[in-house]
Number of protein chains: 2
Amino acid sequence: MENNKLMDKGPFSLQNLNRFSKQSCSGCRVADQCLPGLIVRNNSSCSLDRYSLDNLVERRRIFHQNEHLSFKMQRLDYLYAIHSGSCKAYYVDHEAREHITNFYYPGDVIGLESIFSRKHLVDIVALETSSICFIELSRFMQLHQQSSEIRTQLVNLYSQQLWQAYCMQGTFKAEELLVRFLLNLSHHAKARGESEEQLHLSMGRHDIGSYLGLSSETVSRVITRLKKQKLISVNRSMITLRNLSALHLLGGNVESV
Amino acid sequence: MENNKLMDKGPFSLQNLNRFSKQSCSGCRVADQCLPGLIVRNNSSCSLDRYSLDNLVERRRIFHQNEHLSFKMQRLDYLYAIHSGSCKAYYVDHEAREHITNFYYPGDVIGLESIFSRKHLVDIVALETSSICFIELSRFMQLHQQSSEIRTQLVNLYSQQLWQAYCMQGTFKAEELLVRFLLNLSHHAKARGESEEQLHLSMGRHDIGSYLGLSSETVSRVITRLKKQKLISVNRSMITLRNLSALHLLGGNVESV
DNA sequence: CGAAGACTTGACCGCAGTCAACCGGCGTGG
DNA sequence: CCACGCCGGTTGACTGCGGTCAAGTCTTCG
């Protein structure tokens, strides 16, 4: 029932999509936030014809929860863009600990960190039922050579992701980390036109911990503490930020990317 | 005396450089590792004339220890490439703690994480007397639009740096962090044609700690421990890796970038 | 030679990891 | 329909790594 409500409120109805479908970016709902979408949208000043651009996304496919988009060490044939849903990227270290490198949401492009090695450096998994766009890498690189829009957008995208990654380095208190994580989610949700207070966490406590460098127990404890301080309220995987300004203070007012 | 020896062995004699000097990449000693250098070297298939390329680096200048290349929040007019010496980039958080985002060595390009915001997101400081190449950002972006070499190299560079940053996320033991740090230095030194066992640490313990998310005391203690295990030997800022394979084991055999 | 600063070492403490018990929702099968 | 088991989340007790504070050492430089 909770789930049905979510589906109805979602950006589009999953049922209407074929499992494999030829898609174009022109009509995409998250085109505003997405790299291919941005490029297509700015087509006017672009040296490429509309056909090439709309074919940047080769196809789209539904992935179910815990289904892999790709495995570590596979050849890097595609980048992925998230149309709806969410994914995590992770690798397993020599002591069998899972390290999540990033979470991805609608409009995000996946795989940028792996390009130099020409193979996937991480496993990529859907956190919930998700609609994923396939961007053939060779075509992308071709278009990248031809379109100044792609170039500009790509540099900005890389630059942002790099800065974001830098901001995760160093040592922080558990509370600070978690608050920043939540504010980051909120920021991105807002950018996508969703609520900035109501967050739906598609990943488990363990995943959050793995991303932030904490144990799932610590994540749980900090959430409980924030709940007691009335800064957030929690309903299963739904978190409501009750006092954004107070949270910004706790998180150190980091200008999120 | 130690210093003189270093100068003589160094890649080139600092004294021969003017403080400001017009430079070209064609004859540069670290061109093999450097982004502008790589581009100039592959000029054959390049759409740009040699003049434009050699003028990618607008000028070169000597910075002394602790001298700032640029300050946080300044407009981003230049990227920097290190010709010799080394630098650190850092920001100060809301609790006045210094976070080092990265160290830079000959051939490295500085400023890539700041491009999207059009201003410097970090302070950049020379760790020792260093010769720094100035790359005017507007010219770089122009050339980036014109040269497919720059594009390919830049994507690879970003991709690498992003992966490297991802690998620093998550939680690791102090020993593991430090060993990986040393092995990374070793790896890069080797790539520059220097010794992979003899490392000269141009930054202090505090800086290493700030980069790895440790206190300087912990860095010191771990170094002492490794010394006692005969894995390294230490002579002030000179560290010798005595057992690379054992160190690789401790560091978790991470494929360094 | 003396002062300043970086590094080392020791003592103590606190945050977060680990281990374990418990809870509560959900799905499955009787 | 209920009973059961599973899994993710929460909570508690304990521990240990690494932070903090402080003293002491070594190096450099004026």
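Letters A, B, ... mirror the listed sequences (proteins, then strands); counts begin at 1. Values in this document were obtained by computation on a predicted structure and should not be read as measured data. Only heavy atoms go into these numbers, but all of them, side chains included; no hydrogens, no water, no symmetry mates.
- Taking B:S117 as the reference, nothing meets the side chain to side chain donor-acceptor pair (under 3.5 Å) condition, with sequence neighbours excluded.
- Both A:M203 and A:T171 lie close to DNA chain D; mapped to their nearest nucleotides by heavy-atom distance, the more 5′-ward contact belongs to A:M203.
- Here the shortest heavy-atom pairing between A:V222 and A:A174 reads CG2-CB, 4.1 Å.
- The CD atom of B:Q65 sits 14 Å away from the P atom of C:dG5 (whole-angstrom rounding).
- Taking atom NE2 of A:H206 as the reference point, atom P of C:dA16 lies 18 Å away to the nearest angstrom.
- Under 3.5 Å, the side chains of B:T101 and A:Q169 contain no donor-acceptor pair of N or O atoms.
- Between the axis at the start and the axis at the end of the helix from C:dC1-D:dG30 to C:dG30-D:dC1 there is an angle of 30°, using five pairs per end and rounding to 10 degrees.
- No donor-acceptor contact under 3.5 angstrom links the side chains of B:S186 and B:N184, judged on distance only.
- By the 4.5 Å heavy-atom criterion applied to side chains, B:K173 and A:E95 are not counted as neighbours.
- In this entry the distance linking CG of A:L177 with C1' of C:dG17 reads 15 Å, nearest Å.
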Checklist entry - Along nucleotides 8-14 of chain C, 5' to 3', which nucleotides get a B, which get an S, and which get a -, given that the test is a protein heavy-atom distance under 4.0 Å? => result BBBB---
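- In this model, a donor atom of one side chain and an acceptor atom of the other lie less than 3.5 Å apart for A:Q198 and A:T240.
- Residue A:G209 is classed as having no contact, given no heavy-atom separation below 4.0 Å to the nucleic acid.
- When the side chain to side chain donor-acceptor pair (under 3.5 Å) test is applied to A:N102, the partners found at least two apart in sequence or on another chain are B:Y166.
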Identify the pairs formed between an N or O of the protein and an N or O of nucleotides 23-28 of chain C at a distance under 3.5 Å, and give each distance.
none

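- Taking the six-membered ring for Trp and thresholds of 30 and 60 degrees, A:Y91 and A:H99 have nearly parallel ring planes, at less than 30 degrees apart.
- Residues A:S114 and A:K119 fail the side-chain proximity criterion, which asks for heavy atoms closer than 4.5 Å.
- Ring-plane geometry between B:H68 and B:Y90 is classed as perpendicular, the angle between the planes exceeding 60 degrees on a 0 to 90 degree scale with a lower cut at 30.
- With a 6.0 Å cutoff to the six-membered ring centre and a 45° limit on the axis angle, B:R61 does not count as a cation-pi contact of B:Y80.
- With a heavy-atom cut-off of 4.0 Å to chain A, the contacted part of DNA chain D has its first and last nucleotide at D:dG9 to D:dA13.
- Taking the six-membered ring for Trp and thresholds of 30 and 60 degrees, A:F134 and A:F63 have nearly parallel ring planes, at less than 30 degrees apart.
- Separating the CG atom of A:L212 from the P atom of C:dG17 is a distance of 10 Å, rounded to the nearest angstrom.
- Side-chain N/O atoms of B:R242 and B:S233 include a donor and acceptor closer than 3.5 Å.
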